[in-house]
Chemist: 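One structure is given below, represented as structure tokens, and several questions about it will come after.
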Amino acid sequence: VELIMGIASQYPANVKLLGISMWALGGLAPRATPEMQDTILEFAFRALEAHSQEPQVRLNFVVLLAGLCAVQGEACDKVRNGALETVLQIMKDLDPNFKVLLMGLYIVDRVVEGGKELSALVEQGLPQLMSSAAKSSDAVDKTPVLLLVLNLLDKLRPIAEARAQLQHVIAQLKAVVPRYPDDDQLQQRAASVLPHYAQKA
């Protein structure tokens, strides 16, 4: 981790090297110590601040944060408290980049349980991003992102004001999920979540 950050720091203007470094750190982050995870998160924010308009840096910022969130712990708390709005903004700016949508929804699913945090994300456009992810044609296998969308729908169930915004997502899932009849996990998750949205709020 220190070697990667050290090399990237020697060439701060090299956006390609910085993006690759952030991608690599995302892979190493789940196995890093809490102290090193803090250092990785600080590195990510410095890189994004220095190159806030570079799509490659913005994409790999989301990839890096997804790596930090792979193991529940302090890193998830710090992402929840300091980076969620940034992640959502990058998702919106780069939409319909399927990789960013997948990683961004993964981060939201990992760090947000519900309540006011989720309500705030609804106001910031989470339903539209879920819809973009569900309909994206860039993925060979959509099932991971469909499972993420279903997980988030399950968490959004108590938020009455979100239901109207989610109707388009529900319609998309009802159309897409049947295309994967052999995926038992997807079919069972859909069967446990979608019927709740058939009822009136």
Side-chain angles (χ1 to χ4, degrees), residues 26 30 59 62-63 65-73 75-81 83-201:
L59 183 155
V62 177
V63 171
L65 261 59
L68 283 171
C69 293
V71 179
Q72 288 288 357
C76 277
D77 295 336
K78 287 173 181 172
V79 170
R80 180 190 304 114
N81 295 329
L84 268 183
E85 287 188 12
T86 303
V87 169
L88 229 69
Q89 190 59 54
I90 292 172
M91 290 169 72
K92 287 191 283 189
D93 290 347
L94 299 185
D95 186 19
N97 185 305
F98 181 76
K99 187 173 184 179
V100 171
L101 288 169
L102 177 62
M103 294 293 180
L105 291 181
Y106 172 79
I107 292 168
V108 174
D109 186 44
R110 291 289 291 177
V111 306
V112 179
E113 290 302 320
K116 292 182 179 179
E117 288 177 327
L118 207 48
S119 295
L121 294 181
V122 169
E123 292 176 6
Q124 292 166 32
L126 180 60
Q128 290 81 359
L129 294 169
M130 291 165 64
S131 177
S132 290
K135 74 181 180 183
S136 176
S137 59
D138 295 340
V140 175
D141 181 3
K142 288 187 180 180
T143 54
V145 77
L146 294 176
L147 283 166
L148 283 172
V149 172
L150 285 164
N151 286 347
L152 291 171
L153 280 174
D154 199 24
K155 293 180 180 182
L156 286 162
R157 275 168 47 195
I159 305 176
E161 61 270 24
R163 288 195 168 232
Q165 296 184 54
L166 292 168
Q167 289 309 306
H168 188 53
V169 181
I170 302 297
Q172 287 176 308
L173 288 172
K174 287 180 177 178
V176 173
V177 168
R179 298 176 191 169
Y180 302 91
D182 297 328
D183 191 314
D184 291 340
Q185 184 183 9
L186 178 63
Q187 295 300 326
Q188 290 171 12
R189 192 70 176 123
S192 70
V193 174
L194 295 180
H196 294 281
Y197 283 90
Q199 302 167 4
K200 292 183 178 180

Chemist: Quick one: does any side-chain atom of Y197 pair with a main-chain N or O of L166 as donor and acceptor, under 3.5 Å?
Modeler: no
Chemist: Going by heavy atoms in the side chains, are M91 and L88 under 4.5 Å from each other?
Modeler: yes
Chemist: Look at D77 together with R80 and state whether they make a salt bridge at an N to O cut-off of under 4.0 Å.
Modeler: yes
Chemist: Would you give the length of the straight line joining atom CD1 of I107 to atom SG of C69, rounded to the nearest 0.5 angstrom?
Modeler: 5.5 Å
Chemist: Which atom names give the shortest non-hydrogen contact between L65 and A83, and what distance separates them?
Modeler: CD2-CB, 3.5 Å
Chemist: Just by distance, do the side chain of K92 and the backbone of G125 share a donor-acceptor pair under 3.5 Å?
Modeler: no
Chemist: Pick out which of K142, Q187, Q172 makes a side chain to side chain contact (heavy atoms under 4.5 Å, CB included) with V177.
Modeler: Q187
Chemist: For Q167, is the CD atom crowded, meaning more than 12 foreign heavy atoms sit under 6.0 Å from it?
Modeler: yes
Chemist: Within a 6.0 Å radius of atom CD on Q185, are there more than 12 heavy atoms belonging to other residues, nucleotides or ligands?
Modeler: no
Chemist: CG of D183 to CG of L147: how many Å apart, nearest 0.5 Å?
Modeler: 6.5 Å
Chemist: Would you give the length of the straight line joining atom CG of L129 to atom CD1 of I90, rounded to the nearest 0.5 angstrom?
Modeler: 12.0 Å
Chemist: Do you know the tightest heavy-atom contact between P127 and V122?
Modeler: CD-O, 3.7 Å
Chemist: Looking at V176 and L146, what are the two nearest heavy atoms and their distance?
Modeler: CG1-CD1, 3.6 Å
Chemist: Can any side-chain N or O of R110 pair as donor or acceptor with the backbone N or O of A66 at less than 3.5 Å?
Modeler: no
Chemist: Compare all side-chain heavy atoms of L126 with those of Q165 and state whether any distance is below 4.5 angstrom.
Modeler: no
Chemist: Can you name the closest pair of heavy atoms from V145 and A133 and give their distance?
Modeler: CG2-CB, 3.6 Å
Chemist: Just one of N97, L105, D95 clears the side chain to side chain contact (heavy atoms under 4.5 Å, CB included) bar with S132, so which one?
Modeler: D95
Chemist: Measure the shortest side-chain to side-chain distance between K99 and V62 over non-hydrogen atoms and say whether it is less than 4.5 angstrom.
Modeler: no
Chemist: Are any non-hydrogen side-chain atoms of V193 and N151 less than 4.5 angstrom apart?
Modeler: no
Chemist: Are any non-hydrogen side-chain atoms of D93 and V100 less than 4.5 angstrom apart?
Modeler: no
Chemist: What's the shortest heavy-atom distance between V112 and K155, and which atoms?
Modeler: O-NZ, 2.9 Å
Chemist: How far does CG of L156 sit from CG of L118, to the nearest 0.5 angstrom?
Modeler: 4.0 Å
Chemist: Considering all heavy atoms of both residues, which atom of P195 and which atom of A190 are nearest to each other, and what is their separation?
Modeler: CD-O, 3.6 Å
Chemist: Does any non-hydrogen side-chain atom of D154 lie less than 4.5 Å from one of R189?
Modeler: yes
